[in-house]
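Here is the structure we will look at.
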2 protein chains.
Amino acid sequence: MNTVATLRQPIPRRTLHDELVDRLREMIHVGELAAGEKIPEKALCEQFQVSRTPLREALKVLAADGLVRLTPNRGASVAALTLQDLEEVFPIIATLEGLSGELACRRISDPEIAEIREMHEEMVRRYEARDLPEYFRLNQAIHRAILESAGNTSLQSVYDNLAGRISRARYVANMSPARWERAVAEHCEILAALEDRDGERLGRVLREHVMTKLATVRQSLAEPA
Amino acid sequence: MNTVATLRQPIPRRTLHDELVDRLREMIHVGELAAGEKIPEKALCEQFQVSRTPLREALKVLAADGLVRLTPNRGASVAALTLQDLEEVFPIIATLEGLSGELACRRISDPEIAEIREMHEEMVRRYEARDLPEYFRLNQAIHRAILESAGNTSLQSVYDNLAGRISRARYVANMSPARWERAVAEHCEILAALEDRDGERLGRVLREHVMTKLATVRQSLAEPA
DNA sequence: AAACTTTATATTGTATTCATTATTCACGTC
DNA sequence: GACGTGAATAATGAATACAATATAAAGTTT
């Protein structure tokens with residue numbers, strides 16, 4: 001059934017550089033390419049079995065995204081995020097998430113709200129079960145759903161780019177029980193504002209929620225690993 | 001005097017792809033590479049007297065920035081900005097400018113404020129003399145100064161990237177006398193809020209100011225050229 | 001042993017070449 | 001004239017080659 005429909009669709013193409021952008025991004029996110037480290041161009045070409053051209057093109061893109069630093073004649077390294085970087089980027093992300101909340105309230109449908117409520121309730125159950133990875137996944141899905149409900153693809157794109165820069169820091173930050181409880185409370189407020197379609201309140205709560213996360217990350221960085 | 005100091009400084013390097021990014025960006029801004037048009041890769045290499053490699057690298061970067069569209073096996077074209085794109089990007093820019101105003105009020109110095117006031121006053125004189133190009137230049141300089149006073153280089157970078165996408169649309173939009181008068185009034189309010197270091201008010205006024213510009217652009221697009 | 005110089009090797013940036021894909025042109029058929 | 005097919009040409013993506021720069025290793029001097 002599905003196969004017949006697929007056969008009559010355009011054949012998707014993907015350039016090597018595009019594929020490499022995604023792979024390198026993921027490698028940075030999971031720490032396989034560590035912050036501050038030189039990017040081993042030759043080794044990566046061998047690993048991926050591609051020539052240097054598409055890999056270098058991919059690195060240019062990642063540099064434009066801020067994930068990678070290019071130094072002329074010295075190659076590329078993974079951008080090392082300082083606390084200063086985080087202090088700069090989080091307010092921007094907070095502001096953009098606030099905007100996405102405001103825009104979402106103008107156009108979100110009842111089924112979309114219901115879906116977010118479902119995810120929220122499951123997330124709370126994961127919290128109560130102390131299942132952090134699944135809680136984290138659902139948490140991200142809720143933020144993603146709100147962003148998509150905003151219906152602004154440019155906002156999604158800008159947000160994704162910035163979020164990609166700090167994804168590693170967010171991923172490894174430890175959350176204390178008190179902060180976790182607070183985060184859940186904030187999410188209840190997010191859902192309430194969303195159900196009321198109160199854009200201003202949702203925008204404010206989302207901004208505060210993200211800035212709370214910055215405090216978590218900041219504290220995590222201050223502790224010895 | 002200055003020459004001796006310069007001689008003992010590191011020798012700056014610039015890769016071709018980096019230079020080409022800037023040149024192509026400018027060519028798009030001034031309309032030399034028109035929206036929707038194919039980018040003539042071969043001709044540009046001849047014009048700039050470079051090989052295809054750095055040019056293709058530059059195009060990848062511009063594509064990541066949203067200025068250029070890459071279609072596999074069909075090459076690159078200048079992204080055609082639809083009204084939808086503008087409707088999406090302007091609110092983001094407005095939000096980011098609002099944030100820059102808030103951040104600036106937290107840390108701007110008296111000399112910085114004085115400099116912005118000077119520019120403002122000169123801009124008003126240019127308005128009264130009906131000198132639009134110079135008014136536009138000063139207008140941009142004021143926004144730039146506020147953004148820099150925010151002291152957030154990530155914000156500058158994100159803002160510049162977005163502003164670069166819509167720079168052509170802004171540049172060609174016609175401003176009616178009524179809108180011009182309103183823009184000047186808004187700038188007076190911007191300066192007042194800045195001098196009061198009232199971050200919330202400045203943020204709000206800057207957001208409105210940018211959204212007013214969207215209305216100008218929108219109207220300009222609705223009129224036959 | 002430390003510092004300096006020279007040589008060898010590796011890496012980086014760019015140019016050129018190769019293979020594939022797309023577009024255009026020419027020709028034949030209906 | 002419209003349509004289809006095949007050949008020729010151009011453009012695109014990637015691989016390879018070349019030149020320049022940086023780094024490491026070896027040799028020499030103090």
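All values below come from the heavy atoms of this structure, side chains included, with hydrogens, waters and symmetry mates left out. Chain naming here is simple, since letters A, B, ... match the order of the sequence lines and numbering starts at 1 in each. In this text the structure is predicted, and so the values were computed from the model without any measurement.
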Can you name the atoms? Protein N/O to nucleotides 11-13 of chain D N/O, anything below 3.5 Å, with the distance.
unit_1: D/dT12; atom_1: OP1; unit_2: B/Lys38; atom_2: NZ; d: 3.1
unit_1: D/dG13; atom_1: OP1; unit_2: B/Asn73; atom_2: N; d: 3.2
unit_1: D/dG13; atom_1: OP2; unit_2: B/Arg56; atom_2: NH1; d: 3.2
unit_1: D/dG13; atom_1: OP2; unit_2: B/Arg56; atom_2: NH2; d: 2.7
unit_1: D/dG13; atom_1: O5'; unit_2: B/Arg56; atom_2: NH2; d: 3.3
unit_1: D/dG13; atom_1: N7; unit_2: B/Arg52; atom_2: NH2; d: 3.0
unit_1: D/dG13; atom_1: O6; unit_2: B/Arg52; atom_2: NH1; d: 3.2

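Atom CZ in A/Phe48 sits roughly 13 Å away from atom P in D/dA15 (whole-Å rounding).
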In sequence, state the C-alpha distance, the side-chain angles, and the governing distance for A/Phe90 and A/Val217, and then conclude on side chain to side chain contact (heavy atoms under 4.5 Å, CB included).
CA-CA 10 Å; A/Phe90 265 91; A/Val217 172; 4.0 Å; yes
Before giving the answer on side-chain hydrogen bond (donor to acceptor under 3.5 Å, both in side chains), spell out for B/Thr212 and B/Glu186 the whole-Å C-alpha distance, their side-chain angles and the decisive distance to 0.1 Å.
CA-CA 10 Å; B/Thr212 304; B/Glu186 282 167 353; 3.1 Å; yes
Does the pair A/Asp85 and A/Thr82 meet the rule for a side-chain hydrogen bond (donor to acceptor under 3.5 Å, both in side chains), with working shown?
CA-CA 5 Å; A/Asp85 294 324; A/Thr82 61; 3.1 Å; yes
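What you find for B/Ile113 and B/Leu194 is that their closest heavy atoms are CD1-O, 3.8 Å. Across all their heavy atoms, B/Leu214 and B/Leu86 have their closest contact at CD1-O, 4.0 Å.
Among the atoms of the strands shown, only primed sugar atoms or phosphate atoms (P, OP1, OP2) are found under 4.0 Å from some heavy atom of B/Arg13.
Note on ring orientation: taking the six-membered ring where Trp is involved, the planes of B/His143 and B/His209 are parallel (angle under 30°, cut-offs 30° and 60°).
Residues A/Asp22 and A/Arg25 form a side-chain contact, since some pair of their non-hydrogen atoms from C-beta on lies under 4.5 Å apart. Residues B/Leu155 and A/Glu88 have side chains not in contact (no heavy-atom distance under 4.5 Å, counting atoms from C-beta outward).
Here the range on DNA chain C touched by chain B, meaning any atom under 4.0 Å from one of its heavy atoms, is C/dT14 to C/dA22.
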